Every structure is written in structure tokens, then in C-alpha cells.
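One structure is given below, encoded as C-alpha cells.
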Amino acid sequence: MNFEPKLISVFSERLLQWYSRHKRDLPWRNNRDPYAIWVSEIMLQQTQVRIVIPYYHRFLKRFPDLATLAQASLDDVLKLWEGLGYYARARNLHGAARAIVQDRDGLLPDTYRGLLDIPGIGPYTAAAVASIAYDEACAVVDGNVVRVLARLLGINLPYSEKGAKAIYGNAADELLPQERAGDYNQALMELGALICTPVAPQCRRCPAQAVCKAHLTLPDPAVLPPKVKKKERPHHDIVVGVVWRAGRFLVHRRPARGLLGGLWEFPGGERRPGETAQTCAKRKIEEKFKIAVRVQEQLAVIQHGYTHFKITLYAFQCTFLSEQARPPEHVVVRWVTAAEAERLAFARSNQKILETLANPDV
DNA sequence: AATTCGGGGGA
DNA sequence: TCCCCAGAATT
């Protein structure tokens, strides 16, 4: 794209001035420690600021520097991440910290290119850390930036469209001032978060009002960027059991990768069509864990949504009857008390079961 | 190029 | 309900 130089300078100057007056006081803006900024940017991936804030405080209190994080166990890191979602972020952050201590003398790369080599750091996060922590002049492109650029420049393309990444990326590069890139990047995202919002943007308060193509030419600037329709999410019935044996119940750890990787959960599985929930619980638990159980009363029914599907979770009380001589393979099992379970990281849906166990209300 | 990865809050 | 959030890795 070819922008008039005037648009570029007017936009960045007004944006930075607006930012200096209206920016939120966010915890990661209080220092320029590359490690702290890295942690914040990983947490902020696809996650709103207000959700991240308490997690960020707890994380930096518990793991104040890269070496401390590297020494921690993955279980401890996952426990702190519990409920935040996208757990590969925590696994990558922890693994990267260990690799950096081992191979790089504990120092995070200090360039955009170098940062891209770190697991969990992609184009956005590399540009964010490089510009904010190291003053490198590289442009971030996140959901906020795409929305602001689409409206400012009248780009009528969903970011997911073929070739759209390059168009938005080039636009962001051309608008980026060479000075104060970190402040500029944060200002652009702040504008998207506070003014140029997905619905009902506050154009009246926008510092770019006078140069914004959408505001100047469209009845409703919010039509940009164009929405893409989402596929509907399939639904599954999942049945799990709380299997009691001498005051403890059975939990197992999910495989290290994939959905909810590394988190703990109650045993169970998907109900087949025509199968009762009780039969399903018995079948799933006995097959996988090589034990015999009796399924008892229903404990909870939980609705839960994931990115690509929805589940209804039926939880049943169960009692342990007997076990086979040969233990199950490739399954990490632990019999825990309620107090011990509190120290393990559970998926959100399973946390609701734990809460029911703790407060057997009604 | 598409799909997979969580969970929550606001409209 | 639906949408989308300071995206990255995998297929």
C-alpha cells in the first residue's frame, strides 16, 4: 500500500499523545524486564487483559525470574496456569526457560529474529517483546491492530483470508514510527481495546478520527474488518466417575500434548449413542484403568464449551471393587485425597466436580 | 491453508 | 446465544 507521509506522521503522533493521557496502568507496564514482558505477552495471547492480570501477579511472585521458572516443575507451572486455558503456552514457556538456561546462559534473545526461535513465540510475541523490551522497530499485528488498520485504511479483508496477513503486516510496518516502537505498538493495541472496539467503536473519542477512512466514508465503521462466520460446534456427552477407595479417589494425568495436555482429570469418556451414562462410566473406567467399579448416584451435570466443541459432563459417584493383577500401561494414575487434589492442575470442567465434592449442596 | 488448542465476559 | 480476545503450533 502507498500511504501519504502526512497520514503516517499525523496518525502516530496523535496516537502516542492519546496513549500518554489514556493508557491503563497495567502491571507489565511498570518495568522493562524482558522476562516479565515475555511472560505477559504469552499470557495475553488470545486472552483478555482483565483475565490475565491476577495470573500475571501470581506468576511473577512465584517465578520472579527466568532461572526460578526453569527450576520449577511443569506441574507447578501448570497449577499456576490452571483455568487460563491454552496450556501449551505454559508448557512452552517452561520448556523455553529451561532451554535458555541450558543453552543461552539464561538470557532471552534480544532481537525479533532471535525471539522467533523460542517455542511459543511467534510473529506477534517476537515483535512485542523486541519493541517493548529492546526498542527494536518492529510492528505487532494482533486482533486489535487488524481491527484498527482495517478501519483506518479501509481494508475490506478478513485477516484469515489468503494473503491478508501480508497486507495487514505491510500496512503495520509502513505506519510504524522508527522511534518509540514499543510505546507505539502498545498504543495501537490500547486504541483497539478501548476505542476502536469490535462493536460500537467510540469514534467521537478517537485520536485518529480525522484520518480514519472508515469513519470518514462508512455509515458504520464497525463493519470492518468483515466478520467470518464460525462453524457450529458439535456437542458430546462425557461421563466421568469419582471412584472412591479408602477415602481417596482416582485421578489421571492427560497426555503431555494435545487438548488440556498435562492436566489431571477424573476417569471417563464419551457416551455412545443408546448407552446409558452409568454403563458408559463403568465401561470406560474398567477398560482403561483395569479395575472393577460400581457406579452409584449422580454427582453433577456440567455444561462446558471448548473452542471447537461443547460437552455435557455427567459425574457419578463410584466405589472401587477390585483390580486386575496387571496394572494399566501408559496411564498416569494417582489415588488422592481432596486436599491432595487441590495441588494438582485440573481442567476447568473437572474443577466444577471438585467444587461439588467440597460443597455437597442441595 | 486449515485445524487445533480454553475459558470468560460482554452484548 | 454468539463473539472475540496483546496467536502459535501442528497437520
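Just so it is clear: chains get the letters A, B, ... in the order the sequence lines come, proteins before strands, and each one is counted from 1. Just so it is clear, the model here is predicted, and its values are computed rather than measured.
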Q) Hey, is Glu275(A) close enough to Arg271(A) for a salt bridge, meaning N to O under 4.0 Å? A) no
Q | Length of the line joining Lys231(A):NZ and dC4(C):P, which is rounded to integer Å | A | 17 Å
**Q.** Protein-nucleotide distance (Ile51(A), atom CD1; dC5(C), atom P), rounded to Å
**A.** 14 Å
Q.
Could you tell me how far apart Lys230(A) (NZ) and dC2(C) (C1') are, to the nearest whole angstrom?
A. 10 Å
Q | Which nucleotides of DNA chain B pair, in dot-bracket form (Watson-Crick or G-U under 3.5 Å, | meaning another strand) | A | |||||.|||||
Q | Nucleotide dC5(C), atom C1' - distance to OH of Tyr159(A) in whole Å | A | 15 Å
Q) Checking only heavy atoms, does the side chain of Thr307(A) share a donor-acceptor pair with the base of dG6(B) at less than 3.5 Å? A) yes
Q) Would the Phe309(A) and Tyr306(A) ring centres measure less than 6.0 Å apart? A) yes
Q. Looking only at side chains, do Thr125(A) and Gln45(A) share a donor and an acceptor under 3.5 Å apart?
A. yes
Q: I would like to know whether Tyr124(A) and Glu41(A) meet side chain to side chain donor-acceptor pair (under 3.5 Å); could you show each step before the answer?
A: CA-CA 9 Å; Tyr124(A) 164 78; Glu41(A) 292 298 346; 2.6 Å; yes
(Q) Quick test of your reading of the model: are Lys79(A) and Glu82(A) salt-bridged, counting only N-O distances below 4.0 Å? (A) yes
Q | Integer angstrom distance from the P of dG8(B) to that of dA8(C) | A | 23 Å
Q | Basic-acidic side-chain contact under 4.0 Å: Arg254(A), Glu265(A) | A | yes
Q. How would you label the contact of Gly258(A) with the nucleic acid (heavy atoms, under 4.0 Å): base, sugar-phosphate, or nothing?
A. sugar-phosphate
Q | P spacing across the pair dT4(B) / dA6(C), given as an integer number of angstrom | A | 24 Å
(Q) Does anything in residues 35-46 of chain A come within less than 4.0 Å of DNA chain C? Heavy atoms only, and list the residues if so. (A) Glu41(A), Leu44(A), Gln45(A), Gln46(A)
**Q.** Length of the OH-P vector between Tyr19(A) and dA6(C), whole Å
**A.** 13 Å
**Q.** Sugar-phosphate only, base, or nothing, as touched by Thr125(A) at under 4.0 Å among non-hydrogen atoms
**A.** sugar-phosphate
Q: Indicate whether the side chain of Thr47(A) and that of Arg89(A) have a donor and an acceptor atom separated by less than 3.5 Å.
A: yes
Q.
Please verify the inter-ring angle class for Phe266(A) with Phe346(A); under 30° counts as parallel, over 60° as perpendicular, anything in between as tilted.
A. tilted
Q) dG7(C), dA11(B), dG7(B): which one has an atom nearest the side-chain heavy atoms of Val199(A)? A) dA11(B)
Q | Comparing Lys352(A) and Phe309(A) on DNA chain B - which has the more 5′ nearest nucleotide | A | Phe309(A)
Q) Are Arg89(A) and dA8(C) close enough that a side-chain N or O sits under 4.0 Å from OP1 or OP2? A) no
Q. Starting at the 5' end of DNA chain C, which residue's closest nucleotide do you reach first, Pro119(A) or Leu26(A)?
A. Leu26(A)
Could you give the side-chain donor-acceptor pairs of residues 67-76 of chain A under 3.5 Å, partners two or more places apart or in another chain?
unit_1: Thr68(A); atom_1: OG1; unit_2: Asp65(A); atom_2: OD1; d: 2.5
unit_1: Ser73(A); atom_1: OG; unit_2: Asp76(A); atom_2: N; d: 3.1
unit_1: Ser73(A); atom_1: OG; unit_2: Asp76(A); atom_2: OD2; d: 3.4
unit_1: Asp75(A); atom_1: OD1; unit_2: Arg253(A); atom_2: NH1; d: 3.4
unit_1: Asp75(A); atom_1: OD2; unit_2: Arg253(A); atom_2: NH1; d: 3.2
unit_1: Asp76(A); atom_1: OD2; unit_2: Arg62(A); atom_2: NH2; d: 3.3

Q) Where the side chain of Pro198(A) is defined as all heavy atoms beyond and including C-beta, which of dA6(C), dA9(C), dC4(C) is the nearest nucleotide? A) dC4(C)
Q.
Counting only side-chain heavy atoms from C-beta out, which of dG6(B), dG9(B), dA6(C) sits nearest to Arg29(A)?
A. dA6(C)
(Q) When you measure only distances, ignoring hydrogens and angles, does the side chain of Thr47(A) come within 3.5 Å of the base of dG7(C) through a donor and an acceptor? (A) no
Q.
Counting only side-chain nitrogens and oxygens, does Lys229(A) get under 4.0 Å of the OP1 or OP2 atom of dC3(C)?
A. no
Q: Calculate the interatomic distance between Arg254(A) atom CZ and dT4(B) atom P; express it in whole Å.
A: 15 Å
Q. Rounding to a whole Å, what distance do you find between Arg147(A):CZ and dG7(C):P?
A. 10 Å
Q: For Trp28(A), answer base if it contacts any base atom (sugar-phosphate contacts may also be present), sugar-phosphate if it contacts only those atoms, and nothing otherwise; contact means non-hydrogen atoms under 4.0 Å.
A: base
Q) Between atom CD in Gln303(A) and atom P in dG7(B), what is the gap in whole Å? A) 15 Å
Q) With a 4.0 Å cut-off on heavy atoms, is Tyr124(A) in touch with a base, just the backbone sugar-phosphate, or nothing at all? A) base
Q.
Just by distance, no angles: are the side chains of Asn31(A) and Asp33(A) close enough, under 3.5 Å, to form a donor-acceptor pair?
A. no
Q. Does a side-chain N or O from His304(A) land closer than 4.0 Å to OP1 or OP2 of dG7(B), or not?
A. yes
Q.
With a 4.0 Å cut-off on N to O distance, would you call Arg29(A) and Glu190(A) a salt bridge?
A. yes
(Q) With a 3.5 Å cut-off and heavy atoms only, can you find an N or O donor on one side and an acceptor on the other between the side chain of Tyr86(A) and the base of dG6(B)? (A) yes
